[in-house]
Colleague: 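Pasting a structure here, questions to come.
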Amino acid sequence: MPTAVLTDRERTAVQAYLRLLHTVRAALGDDGPGPAGPAVLPVVPPSVLAEAEAALEGAGLAGNEEEFFRMVGGWQPGG
């Protein structure tokens, strides 16, 4: 797999996305299925979501998910 060097803006976008991903995983709880009952939506701080959106736009990646997720996979394989 070819290795590409990310620009500062691309790296910022990937890092912001990973912070968002970790925040959502923490909100959902990674300790297995919860008790039966209605689903509880995760609470994600708006600032975390806004940071990811701004970073994607700043890197020119808004609307280019294929390229973005290729970068994420290169930054954190299997993540």
Side-chain angles (χ1 to χ4, degrees):
M1 175 162 121
T3 303
V5 177
L6 301 180
T7 67
D8 287 342
R9 288 183 180 203
E10 290 170 341
R11 187 178 308 105
T12 297
V14 168
Q15 291 172 332
Y17 169 77
L18 292 174
R19 278 191 289 280
L20 175 62
L21 181 62
H22 292 278
T23 300
V24 170
R25 283 182 176 166
L28 289 173
D30 284 339
D31 55 355
V40 177
L41 297 176
V43 176
V44 177
S47 61
V48 175
L49 185 56
E51 174 195 24
E53 289 178 347
L56 284 170
E57 188 173 321
L61 294 167
N64 192 351
E65 291 81 9
E66 184 177 346
E67 176 67 12
F68 176 68
F69 285 115
R70 183 192 60 75
M71 287 184 222
V72 170
W75 182 268
Q76 182 177 341

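Fair warning: this is a prediction, and the values are worked out from it, not measured in the lab.
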Colleague: From H22 NE2 over to Y17 OH, what is the distance, rounded to the nearest 0.5 angstrom?
Modeller: 9.5 Å

Colleague: Search all heavy atoms of L6 against all heavy atoms of V14 and return the closest pair with its distance.
Modeller: CD1-CG2, 4.3 Å

Colleague: side-chain contact (heavy atoms from CB on, under 4.5 Å) with L56: which residues, sequence neighbours excluded?
Modeller: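 By the side-chain contact (heavy atoms from CB on, under 4.5 Å) rule, L56 matches A13, L61, F68.
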
Colleague: Do you know which two heavy atoms are closest between T23 and P45, and how far apart they sit?
Modeller: CG2-CD, 3.8 Å

Colleague: Under the salt bridge (Lys or Arg N to Asp or Glu O under 4.0 Å) rule, collect the residues that match up with R9, sequence neighbours excluded.
Modeller: none

